[in-house]
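Following: one structure in structure tokens, then a few remarks.
No hydrogens, no waters, no symmetry mates; every other heavy atom, side chains included, goes into these values.
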Amino acid sequence: MTQASAAIVDVRSIPPRDRHPRIFSTFAHMPDGAFMELVNDHDPKPLYFQFQEQAPGRFSWDYVEQGPEVWRVRISKLSGGASCCGSCG
């Protein structure tokens, strides 16, 4: 996989209410096999559970850095499965 297929989504400066919609919109527009690197100021574990609900079997979640001030998570879009339901932004 090339760097061209990666998106950096740094949500630290985004208002909290807008973070998850931005992340899910980015994910929805990624091609299969691509990944984004999420940069956050806290452990995004609730987001992980939301991904499990909205994209079961369609993503992988790998911590790159785990605090205490910065968390980085590589979220990959797996191939196959159903398309977006339209509620992700």
Side-chain angles (χ1 to χ4, degrees):
M1 182 167 312
T2 66
Q3 264 315 95
S5 58
I8 304 294
V9 181
D10 187 340
V11 297
R12 294 175 292 180
S13 64
I14 298 172
R17 71 180 179 279
D18 298 331
R19 291 179 180 189
H20 287 202
R22 172 84 53 94
I23 293 163
F24 278 100
S25 177
T26 301
F27 183 80
H29 291 96
M30 291 178 357
D32 288 352
F35 67 91
M36 71 172 112
E37 182 175 306
L38 172 65
V39 182
N40 206 348
D41 56 7
H42 65 274
D43 187 353
K45 197 65 162 176
L47 179 68
Y48 172 78
F49 293 122
Q50 193 173 358
F51 262 98
Q52 282 187 317
E53 248 183 52
Q54 293 188 20
R58 294 279 294 132
F59 75 99
S60 67
W61 180 278
D62 299 295
Y63 283 99
V64 177
E65 184 176 349
Q66 291 182 275
E69 294 180 20
V70 175
W71 277 258
R72 294 179 187 276
V73 181
R74 179 179 168 143
I75 304 169
S76 301
K77 189 170 191 179
L78 305 178
S79 60
S83 62
C84 177
C85 64
S87 67
C88 56

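In this structure, Arg19 and Asn40 approach most closely via the heavy-atom pair NH1-OD1, 3.2 Å. The nearest pair of heavy atoms linking Gly57 to Leu78 is O-CD1, 3.8 Å. The shortest non-hydrogen separation linking His29 to Ser25 is ND1-O, 2.7 Å. Closest non-hydrogen pair, Thr26 versus Ala7, comes out as CG2-CB, 4.3 Å. The two atoms that bring Glu65 and Val70 nearest to each other are CG-O, 3.6 Å, heavy atoms only. Heavy atoms only, all atoms of each residue included: Ser76 and Phe27 are closest at O-CE1, 3.9 Å.
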Just do the side chain to side chain contact (heavy atoms under 4.5 Å, CB included) check on Met36 and Val73 with the steps written out, would you? CA-CA 8 Å; Met36 71 172 112; Val73 181; over 6 Å; no
List the steps, then state whether side chain to side chain contact (heavy atoms under 4.5 Å, CB included) holds for Gln50 with Phe24. CA-CA 10 Å; Gln50 193 173 358; Phe24 278 100; 3.5 Å; yes
Let's go through Phe51 and Ile23 carefully: what are the C-alpha distance in whole Å and the side-chain angles of both, what is the deciding distance for side chain to side chain contact (heavy atoms under 4.5 Å, CB included) to 0.1 Å, and is it a yes or a no? CA-CA 10 Å; Phe51 262 98; Ile23 293 163; 3.9 Å; yes
What's the verdict on side chain to side chain contact (heavy atoms under 4.5 Å, CB included) for Phe49 and Lys45, showing C-alpha distance, side-chain angles and the deciding distance? CA-CA 7 Å; Phe49 293 122; Lys45 197 65 162 176; 3.7 Å; yes
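Open room surrounds CD on Glu69; 12 or fewer heavy atoms of other groups in view lie less than 6.0 Å from it.
Cluster membership for Val64 and Tyr48, using ILVMFWY side-chain heavy atoms within less than 4.5 angstrom, is not shared.
Under the rule for a side chain to side chain donor-acceptor pair (under 3.5 Å), Asp62 has no partner lying at least two apart in sequence or in another chain. Listed by chain and number, the residues in a side chain to side chain donor-acceptor pair (under 3.5 Å) with Asp10 are Arg12 (sequence neighbours excluded).
For the pair Leu38/Leu47, a side-chain contact is recorded, criterion being any heavy-atom separation below 4.5 Å from C-beta on.
Atom-to-atom distance recorded for Asp32:CG and Lys77:NZ is 6.0 Å, nearest 0.5 angstrom. The structure places CD of Gln52 at 9.5 Å from CH2 of Trp61, a figure rounded to the nearest 0.5 Å.
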